[in-house]
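Each remark here refers to the structure printed beneath this line.
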Amino acid sequence: MSKSRYLAQAGMIAAAYATFTIICILFLGTFSWGLIQFRISEALTILAVFTSAAVPGLSIGCFFANLIAIPLTGSGLMGLLDVFFGSLATLLGALWCRKFRERTGIALLGPVIANALIVPAYLPIILQGLGLYTIPFTTIDLETFGYLTVYLFGVLCTGVGEAVVVYALGLPLLRLLRRNSFFRHYFALDDSGNDTAG
């Protein structure tokens with residue numbers, strides 16, 4: 001794959017991820033960035049199955065989306081935790097997805113595991129800074145139950161939310177894109193749906 005094509009793909013993926021994330025934040029509020037979250041843009045992590053350009057594209061898109069989200073969520077300096085660690089989770093998930101691209105079911109586990117383990121580690125700190133001590137729809141709060149309980153609850157909730165988005169939205173999207181002739185041409189896919197350009 002030529003360098004210009006690689007950069008174009010990465011840039012388009014970054015822009016799409018950032019755009020969908022901001023839309024989610026505006027319309028879903030804390031359900032796009034809290035412990036119970038459904039970040040619809042995570043469905044795009046399936047693009048790493050198709051092209052290696054998705055790895056930097058998704059990571060950069062997440063970085064800028066989380067940076068733009070700071071004033072939208074009012075998280076202030078604490079939001080920088082999400083900028084760094086949220087982007088790290090997306091990077092690790094995309095790398096896993098790319099590595100196991102031949103085995104789709106396993107590939108899509110990467111974003112689920114990375115987000116489930118990393119995001120709940122720092123999110124309680126951000127939520128506490130915002131004065132959100134109690135997890136929505138529960139009586140679980142950081143002050144009463146402590147960090148470990150909130151973290152474990154977050155692992156479960158973030159993992160389930162990520163799995164719903166990646167498998168219920170991302171997997172059908174992956175199948176649709178594999179059948180789309182324009183997409184197949186642009187990403188130079190072979191008959192199995194894998195990147196043949198490098």
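The figures here come from the full heavy-atom set of this structure, side chains too, leaving out hydrogens, waters and symmetry mates. Note that the structure is predicted; figures quoted are calculated from it, not measured.
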Just wondering, are more than 12 heavy atoms of other shown residues or ligands nearer than 6.0 Å to [atom1] in [X]?
X: Y122; atom1: OH; value: yes
X: F64; atom1: CZ; value: no
X: F100; atom1: CZ; value: yes

For this session: Apply the test side-chain contact (heavy atoms from CB on, under 4.5 Å) to residues I40 and I23: give CA-CA distance (whole Å), side-chain angles for both, the deciding distance (0.1 Å), then the verdict.
Result: CA-CA 9 Å; I40 308 302; I23 290 170; over 6 Å; no
Any heavy-atom pair between the side chains of [Y] and [X] that's under 4.5 Å?
X: T21; Y: R39; value: yes
X: R178; Y: V49; value: yes
X: Y17; Y: E42; value: yes
X: Y6; Y: S52; value: yes

If only atom types and distance count, is the side chain of [X] paired as donor or acceptor with the main-chain N or O of [Y] below 3.5 Å?
X: R101; Y: R98; answer: yes
X: S87; Y: F63; answer: yes
X: Y151; Y: L117; answer: yes

Exercise. If two hydrophobic side chains count as joined below 4.5 Å and joins carry through other members, does I22 share a cluster with F27?
Worked result: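 Yes; F27 is reachable from I22 via cluster members.
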Exercise. Do the side chains of V155 and L148 join up, straight or via other hydrophobic residues, at under 4.5 Å, putting them in one cluster?
Worked result: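 Linked, V155 and L148 end up in one cluster.
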For this session: Would you please test Y167 and L109 for side-chain contact (heavy atoms from CB on, under 4.5 Å) and show each step?
Result: CA-CA 9 Å; Y167 284 95; L109 275 176; 3.5 Å; yes
Nearest-0.5 Å distance, [atom1] of residue [X] to [atom2] of residue [Y]:
X: F153; Y: T158; atom1: CZ; atom2: OG1; value: 9.0 Å
X: I118; Y: D82; atom1: CD1; atom2: CG; value: 11.5 Å
X: L47; Y: I13; atom1: CG; atom2: CD1; value: 5.0 Å
X: L108; Y: W96; atom1: CG; atom2: CH2; value: 11.5 Å
X: I46; Y: T104; atom1: CD1; atom2: OG1; value: 9.5 Å
X: L174; Y: C97; atom1: CG; atom2: SG; value: 8.0 Å

Testing the basics here: between [X] and [Y], what is the closest heavy-atom pair and its distance to 0.1 Å?
X: A18; Y: A65; result: CA-CB, 3.8 Å
X: P111; Y: A107; result: CD-O, 3.7 Å
X: C24; Y: S41; result: SG-N, 4.4 Å
X: A114; Y: G93; result: CB-N, 3.9 Å
X: C62; Y: G86; result: SG-O, 3.6 Å
X: L169; Y: A43; result: CB-CB, 3.9 Å

Exercise. What do the steps show when you test L58 against L91 for side-chain contact (heavy atoms from CB on, under 4.5 Å), and what is the final call?
Worked result: CA-CA 7 Å; L58 292 164; L91 171 64; over 6 Å; no
